[in-house]
Amino acid sequence: MDRRRRAESCDKNINMLNKLFQWLNRAHPRVMQKAEKTLKTLPGVDARMEQEFASMLRELEPALKPYAREFPAYAELPARGVDRELLLDELEQLNARERGKWQEGFVSGAVYHGDTTYIDFLNRVYALNSQSNPLHADVFPSTSKFEAEIVSMTARLLGAGATPQNDANEIVGTVTSGGTESILLAMKTYRDFAREKKGITAPEIIAPVSAHAAFDKAAQYFNLKLIHIPLRDDMRADVDAARRAITKNTIALIGSAPCFPYGTIDPLEELSELARAHEFGFHTDACLGGFVLPFAEKLGYPVPPFDFRLRGVTSMSADTHKYGYAAKGTSVVLYRGRALRHYQYYTAADWSGGLYFSPTFAGSRPGALSATAWAAMVSIGAQGYLDATRVILETATKIKNGLRAIPELKILGEPLWVIAFASDKLNIYQVMDAMTKRGWSLNGLHKPAAAHIALTQRHTLPGVAERFNNDLRDAVAYVKAHPEDKGEMAPVYGLAANLPLRGVVSDLLKRYMDVLYKV
Ligand SMILES: *Cc1c(COP(=O)(O)O)cnc(C)c1O
């Protein structure tokens, strides 16, 4: 089958499946789950879906594996080591192919600073520390100095008092490998705290639907029940729904500053007071905003209280590897009081390998990444972060004005610099595809169908905001004129967004990851 025919037949099948599923979806979710299981056991259905998936993934594979033909692949160790210079040359080529796209500001999020001389500086710091491992604090005491200072600098930025009165109100924390680890650790900490202090054995956490998927991952990994609460029209969490979701098993409530999909900040003051009144934890996820909001506030932008200045906030996550401008692989998790942090730590007093302790999930850890995060923060300083925030927010104003000038599009909520847009008239995924054709890499969102751009320093370069606005105007005009052009990814997003059978979508995502691991 040629590509076009395959796409059409795929479309037809998807439409048919969609109709069936939409009909089923009106039934109760439990019935749906059962229906999904039954449907998959029907002879031929699983095989049909398998075929459908396989053909979709075959189409995506060339884009995911662009080097298959040009560069040698190593399915097993080369018998003799490859010459270092040759390898470096190959790595330079690969880097050169990928650099342009993010360097020139075509990518949402991903690379948050990206200036060449700055990267060179971070690389030198990394090189000096590449052998260090905070697990061996006696051999590498410099690493524990870096990590203690990263935590302290982040805490002070996020509302820790200069002189804590006691252990209970001191803001403490650890360096982690990324936002996900910070979140997983905080949730594990609340679970263990609640089990020991309150005897809660069936713990529940409450999070807005816009909270990062890492909370769902934490719930899966640590056997927590995650209760999702909806957003109001302004794309911020519904406080009344949070109140109704509380049970005697609630161990923590979550809010984002801001949330990943829409860049909006939840009503954290009300939510954290709710948690305080009921005496369970409140986590502000500031992975995205931790190194932006404190400076946006200084610049006079409307930033509601979000950090430890709120009495109810008992933990926070803030990503040094996003707007902290460190190399990828570090984040900070913070707690109110040392006692809470103790529930994160792991210790083994009886191991034959000796006394063992480790603050986070990993054992050995890359000390060089901590050194790099420390050097990023110290070299940039408060003034540097303020300046970076200023230009990013000015760029955001340009982009928001551009969006407001396109009548077919609407901005969701009132974001600062992570800007989601949707359309009542057009298929937003087709608009996204048209933007992809123009070189852009945006994030697709669903429920509701939307796209977003997370603005970084790459977008503050001269001409980038103007290019975005022009390309978006052209993309919308193209989709209006060519509704029949379904695009490359639009059908996939359409499928993923509309299939009520979430298990099927999960299967598809697992197969996608399988493709990534193909040599
Ligand atoms: C990026 C992000 C995370 C997860 O961070 P990773 O570093 O990708 O693990 C969590 N929450 C929010 C709001 C984020 O933007």
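In each ligand, atom 1 is the first atom listed, and ligand 1 is the first ligand listed. The residues of the chain are indexed from 1 along the displayed sequence.
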If you measure every N/O of G179 against every N/O of ligand 1, is any gap under 3.5 Å?
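So ligand 1 has an N or O lying under 3.5 Å from an N or O of G179.
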ask   = Under 3.5 Å, N or O to N or O, is E181 touching ligand 1 that way?
value =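 Such a contact does not occur with ligand 1.
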Checklist line | Crowding at CD, E170 (>12 non-hydrogen neighbours, <6.0 Å) | finding: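 Atom CD in E170 is packed in, count exceeds 12.
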Check the surroundings of atom NZ in K225: do more than 12 heavy atoms from other residues, nucleotides or ligands lie under 6.0 Å from it?
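No, NZ of K225 has 12 or fewer neighbouring heavy atoms, counting only those of other groups under 6.0 Å.
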- Query: When you measure from atom 14 (C) of ligand 1 to every protein heavy atom, which one gives the shortest distance, and what is it?
  - Reply: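 Closest protein heavy atom to atom 14 (C) of ligand 1: K322 NZ, 2.9 Å.
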Carboxylate-amine/guanidinium proximity below 4.0 Å for R309 and E297: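 Answer for the salt bridge query: yes.
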Open item on the list: Could you tell me if R195 sits above the aromatic ring of Y343, with its cationic atom closer than 6.0 Å to the ring centre and no more than 45 degrees from the axis?
Closed with: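 Judged by the rule (NZ or CZ under 6.0 Å from the ring centre, within 45° of its axis), R195 is not positioned above Y343.
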Could you list the atoms of ligand 1 found under 4.0 angstrom from a heavy atom of [X]?
{"X": "D285", "result": "10 (C), 11 (N), 12 (C), 13 (C)"}
{"X": "L288", "result": "15 (O)"}
{"X": "P258", "result": "13 (C)"}
{"X": "T180", "result": "4 (C), 5 (O), 6 (P), 9 (O)"}
{"X": "C287", "result": "2 (C), 3 (C), 10 (C), 11 (N), 12 (C), 14 (C)"}

Could you label the plane-to-plane angle of the Y385 and Y325 rings as parallel, tilted or perpendicular, counting under 30° as parallel and over 60° as perpendicular?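 Parallel: the ring planes of Y385 and Y325 meet at under 30°.
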TODO: Mark yes or no for whether H228, through its side chain, and V209, through its backbone, hold a donor-acceptor pair below 3.5 Å.
DONE: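 Here the side-chain-to-backbone pair does not exist.
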Would you call H321 a ligand 1 contact, heavy-atom distance under 4.0 Å?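 So H321 counts as touching ligand 1.
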With respect to D285, which candidate in S182, S317, S315 satisfies the side chain to side chain donor-acceptor pair (under 3.5 Å) definition?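 Among S182, S317, S315, the one meeting side chain to side chain donor-acceptor pair (under 3.5 Å) with D285 is S317.
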